[in-house]
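Each remark here refers to the structure printed beneath this line.
Order of listing sets the numbers, starting from 1, for every ligand and every atom in it. What you are looking at is a predicted structure, and each value in this text was computed from that prediction instead of being measured.
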Amino acid sequence: MSQIVPQAIIAKKRDGIALSKQDIEQFATGLVQGQFTEPQAAALAMAIFLNGMETSETVNLTMAMRDSGDVLDWSGFNLPGPIVDKHSTGGVGDKVSIVLGPMLAACGCVVPMIAGRGLGHTGGTVDKLEGIPGYCVDMPLPEFQQKVLDIGVGIIGQTADIAPADRKLYALRDVSGCVESIPLITSSILSKKLAEGLDVLVMDVKYGSGAFMQEKTKAQALADAIESIGNSAGTKTKSLLTDMNEVLGHSAGHHLEIIECIDYLTGDYRCPRLHKITMDLAIEALVMAGLATDATTAEQQLHQALDSGQALVIFNDMVAAFGGPADLSDTYKKHLPQASFVKPLLSPKAGTFQSINVYEVGMTLLELGAGRLSLQDKIDHRVGLSDFIALHSKVEEGQALVTIHAASEAAWQKARARLLKNMSIS
Ligand code: URA
């Protein structure tokens, strides 16, 4: 590769000229190896933020960041099915991956999920799984790959070896005001997902008060970009746009959400919104993967995976294989303890439950101890919120709106005040 001249690459983008494949590859390599300094990388990120990227540039950036680290290679294995994953742009109470992974595996997919941690107001799948005693979210990729082959699904966190260029660039974007750029978000998400060596990816792009892209038109633009770039990069990709103006499912908080996943898989309780989004995403995945000829067949296969108990068996096998307790669905009461102060928040008046600011619900969870403001913060897996009343329901004065699971009465009172301020009953 010729000598890297960061200034020339930055100036090109600053002046609105499209970057070549070679410019972009030099940027990704230079970022990891040090020829592109952090101020230079931040300057280029700002130039991209301001001037955007053509589709071919975003594809090249995605591939260059993917190839800056390890990419799972499945070619030497006798695979039982297509390699499929689902990813979400992040929400509050979003536990879809934990039920959908075993459901897809039960339908014949191989599902190597490399998931994220929660940061800010959104929760992270990896944190939820880490609340299961013993579950290991961090392991060498060959070991992860073998577990996925044995069980059909595995979920771990991002390792230092996956897309290191994205890891560096994301941190710089975060401190330089360059996060909300569609080409940068698209290439960031896809570089990590495509490192899994996927045939098929379904993306859940969220909008609404609890989403990272709150405006629906912006979320739609992101969904379109991810679909277009994913397909151009050779992975069949479909994006669904879903509503984050309400917490997803009936609980939010780590132990509470794992219990909700168990209830979902056993069939004891399936929150209708959670069920609809999970089924919609899984149906798209099965049809795109060629495992179902149409949506109706895919739906039947998914019902069979749930009704036969096969998805539940795979979930239990996954938890045990990654170091958690055996038969978690039977033993979770012992392994997933509750918080010490659990009490419902009662409605101060009668009326209709009109709206809830889900961003503020996420921040309340964070204050309760279920989230972190910096990656070093320790989280309390027992705290959270459960039994949310559905949006637009009629409520009586004194009726429970949500149950708050807090570590102390003071924390409960603080959460109550913040939630009441952000729920509207008319
Ligand atoms: N998630 C990512 O992985 N990257 C982004 O840029 C935004 C959300």
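- Between F322 and F144, the ring planes lie perpendicular to each other; the angle is over 60°, past the 30° to 60° tilted range.
- When each of I83, V84, V153 is checked for a side chain to side chain contact (heavy atoms under 4.5 Å, CB included) with C109, only V84 meets the rule.
- Residue P337 comes nearest to R382 through the heavy atom pair O-CG, 3.2 Å, listed as atom of the first residue, atom of the second, then distance.
- At a 4.0 Å heavy-atom cut-off, the residues surrounding ligand 1 are Y170, R173, I185, S188, I189, K192, F212, listed by chain and number.
- Exactly one of R117, H381, H254 qualifies for a side-chain hydrogen bond (donor to acceptor under 3.5 Å, both in side chains) with E130. That residue is R117.
- Y359 OH: 12 or fewer foreign heavy atoms inside a 6.0 Å radius.
- For D294 (side chain) and T296 (main-chain N/O), a donor-acceptor pair under 3.5 Å exists by modelled atom type.
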